2 protein chains.
Amino acid sequence: MSSGTRAPVAGDRPRWLDRTEMAAWLPLVRLVTLLPQRLDRQLREDAGIGHVYYQVLAMLSEAPDEQLRMSELAGLTATSPSRMSHAVSALEERGWVVRCPVEQDGRGQLTRLTAAGRTAIEQLAPGHVAEVRRLVFDPLTDDEVDQLARLTTKLLGSASR
Amino acid sequence: MSSGTRAPVAGDRPRWLDRTEMAAWLPLVRLVTLLPQRLDRQLREDAGIGHVYYQVLAMLSEAPDEQLRMSELAGLTATSPSRMSHAVSALEERGWVVRCPVEQDGRGQLTRLTAAGRTAIEQLAPGHVAEVRRLVFDPLTDDEVDQLARLTTKLLGSASR
DNA sequence: CCCAATTGCTTGAGACTTCAACATCCTGAG
DNA sequence: CTCAGGATGTTGAAGTCTCAAGCAATTGGG
């Protein structure tokens, strides 16, 4: 406890979740626990890296000149600068990525895909896509895919703030 | 790479995601990254524990006699036995939970909420619910909450297997 | 009864994430 | 010009998660 800033004063207690909300909340929590687990496991078996690391390679492979700034990578993958720094270091050790300074801004760092990195993502992508299909898109109808897009986009608004 | 079992043979390459699917996939990945982050942060500020640990307390507080077996806890929270064992150890150190052997099965362990644990969850719950509302339910209409329940439940089917 | 296979859980090592502190560079007000 | 404040990244420590290995208890087939 340690004197939280959010004092649990009786009276300002928010409404608890009703039955309908629980019917959405419980599976949602399970899903956000389980989905990263599955994505991580499949990639770790195939390449020894987790999903975040794969995302870095994926974003780089689609960026102009196959390079991005740390802050852009962090933004695109919704991770902290610190986490991204560690992640890029790990990818650098594998030789899949290199760091180099930015011309115009002495603070910045560019991360660029190496040839080995490109090979890696090209070999990884098919298996990953297959897993994504199996986990997410195969069970859904076209309409449901649209619903999923709308819902997740809407929820991102509040989660990003 | 290291000779994955899933050989990237040209030809068996699965269909890449189309525009519609991407419109669902990208926000879904962000959501699945961001939501646990937010839940963790709020709980960590208030109590110094992450969301998984809170879930343990929450499930225990609603169980008969406020106790559950390790395997039940693991199942309910969609985590591995190992993770749950570590988690319960951490909660035990805080004095919020105790372990005791099961009568009928010498292998099993029961985890029971302590008085301090009950106090903790009672003080934590209002702030947590408020955060859940802010992040998930406030932005959605009633119809959308229903859609969310159906979609997440459907996706859980494939992710659990 | 006996033992091999299974179940339930724990442990330790290594990898990953977070947090706070820090170093560096840029920007703009005075 | 100068310096305070902001922005960009990095680092190390502490906590957490995963994986593989292991232990103890139970179960089931012979």
Side-chain angles (χ1 to χ4, degrees), chain A residues 2 32-56 67-94 97-112, chain B residues 2 32-56 67-94 97-112:
Chain A
S2 72
V32 301
T33 305
L34 231 31
L35 193 51
Q37 260 177 48
R38 296 296 187 243
L39 297 175
D40 275 358
R41 183 197 311 272
Q42 184 259 323
L43 286 166
R44 201 167 299 282
E45 278 175 8
D46 282 7
I49 64 173
H51 185 231
V52 176
Y53 291 50
Y54 175 89
Q55 277 184 286
V56 171
Q67 59 181 23
L68 285 169
R69 293 188 57 152
M70 298 301 287
S71 50
E72 295 176 308
L73 277 173
L76 288 169
T77 57
T79 62
S80 66
S82 169
R83 185 179 181 180
M84 191 48 67
S85 191
H86 287 298
V88 167
S89 297
L91 291 174
E92 204 171 18
E93 276 179 18
R94 273 166 236 248
V97 127
V98 289
R99 267 185 249 247
C100 50
V102 179
E103 287 297 317
Q104 300 79 9
D105 189 336
R107 297 166 297 181
Q109 288 281 113
L110 275 176
T111 301
R112 185 165 46 222
Chain B
S2 71
V32 153
T33 306
L34 229 32
L35 193 52
Q37 260 178 51
R38 295 297 186 244
L39 296 175
D40 276 358
R41 182 196 311 272
Q42 184 259 323
L43 285 166
R44 202 167 298 282
E45 278 175 8
D46 282 7
I49 64 173
H51 184 232
V52 176
Y53 292 52
Y54 175 90
Q55 276 183 287
V56 172
Q67 59 182 22
L68 286 169
R69 293 188 59 153
M70 298 301 287
S71 49
E72 295 177 308
L73 277 173
L76 288 169
T77 57
T79 62
S80 66
S82 169
R83 186 178 182 181
M84 191 48 67
S85 190
H86 286 300
V88 167
S89 296
L91 290 175
E92 204 170 18
E93 275 179 17
R94 274 164 236 251
V97 126
V98 289
R99 266 186 250 245
C100 50
V102 179
E103 287 296 318
Q104 300 79 8
D105 188 337
R107 297 166 297 182
Q109 288 283 116
L110 276 176
T111 301
R112 184 166 46 223

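In the text below, chain A, chain B and the rest are named by the order of the sequence lines, each starting its count at 1. Fair warning: this is a prediction, and the values are worked out from it, not measured in the lab.
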- Atom-pair distance (CE on B/Met70; C1' on D/dA25), nearest Å: 16 Å
- Query: At under 4.0 Å between heavy atoms, what does A/Glu72 touch on the DNA or RNA strands: base, sugar-phosphate, or nothing?
  - Reply: nothing
- Query: What's the CG-P distance between B/Leu110 and D/dA25, to the nearest Å?
  - Reply: 16 Å
- What is the nucleic acid contact for B/Ser71, judged by heavy atoms within less than 4.0 Å: base, sugar-phosphate only, or nothing? sugar-phosphate
- Nearest-0.5 Å distance, CZ of residue A/Arg44 to CD of residue A/Gln37: 11.5 Å
- Please figure out whether A/Arg107 or A/Ser82 has its closest DNA chain D nucleotide nearer the 5' end. A/Arg107
- Toward the 5' end of DNA chain C, which comes first, A/Gly106 or A/Arg44, by nearest nucleotide? A/Arg44
- Have a look at B/Gln67 and tell me which of B/Leu110, B/Thr111, B/Val98, B/Val97 forms a side chain to side chain contact (heavy atoms under 4.5 Å, CB included) with it. B/Leu110
- Task: Give the rounded distance in Å between these two atoms: CZ of A/Arg38 and P of D/dT18.
- Result: 11 Å
- Task: Go through C/dC19, C/dT10, C/dC16 for me and flag the one nearest to the B/Arg41 side chain.
- Result: C/dC19
- Message: What is the distance, to the nearest angstrom, from the CD atom on A/Glu103 to the C1' atom on C/dC26?
- Response: 16 Å
- Query: Side chain of B/Gln37: nearest nucleotide among C/dC16, C/dC9, C/dT18?
  - Reply: C/dT18
- Note on the structure: Picking from D/dT18, D/dC17, C/dT10, the nucleotide nearest the side-chain atoms of B/Ser80 would be D/dT18
- Picking from D/dC17, C/dC16, D/dT26, the nucleotide nearest the side-chain atoms of A/Arg94 would be C/dC16
- Query: A/Gln104 near the nucleic acid: base, sugar-phosphate alone, or nothing, with a heavy-atom cut-off under 4.0 Å?
  - Reply: sugar-phosphate
- Item | Donor-acceptor pair present, A/His86 side chain and D/dG12 base, under 3.5 Å | yes
- For the pair made of CG in A/Leu91 and C1' in C/dC16, what is the distance, rounded to whole Å? 12 Å
- Just how far is it from atom OG1 of A/Thr79 to atom NE2 of A/His86, taken to the nearest 0.5 Å? 11.5 Å
- Using only side-chain N and O atoms of A/Arg69, determine if any of them is under 4.0 Å from OP1 or OP2 of D/dG9. yes
- Item | Rounded distance (Å) that lies between atom P of C/dT17 and atom CG of A/Leu73 | 14 Å
- Query: How long is the line joining NE2 of A/His51 and C1' of C/dC16, in whole Å?
  - Reply: 16 Å
- So how far is it from A/Arg99 CZ to A/Ser85 OG, rounded to the nearest 0.5 Å? 5.0 Å
- Which nucleotide sits closest to the side chain of A/Ser85: D/dT10, C/dT17, C/dT11? D/dT10
- Query: Counting only side-chain N and O atoms of A/Arg83, is one of them less than 4.0 Å from OP1 or OP2 of C/dC19?
  - Reply: no
- Item | Other residues, nucleotides, ligands: >12 heavy atoms within 6.0 Å of A/Arg112 CZ | no
- Message: Closest-nucleotide mapping onto DNA chain C: is B/Asp40 or A/Gly50 further toward the 5' terminus? I mean the 5' end.
- Response: A/Gly50
- Message: With a 4.5 Å cut-off on side-chain heavy atoms, are B/Arg94 and B/Ile49 touching?
- Response: yes
- Query: Quick one: A/Leu39 CG to D/dT18 P, roughly how many Å, whole number?
  - Reply: 13 Å
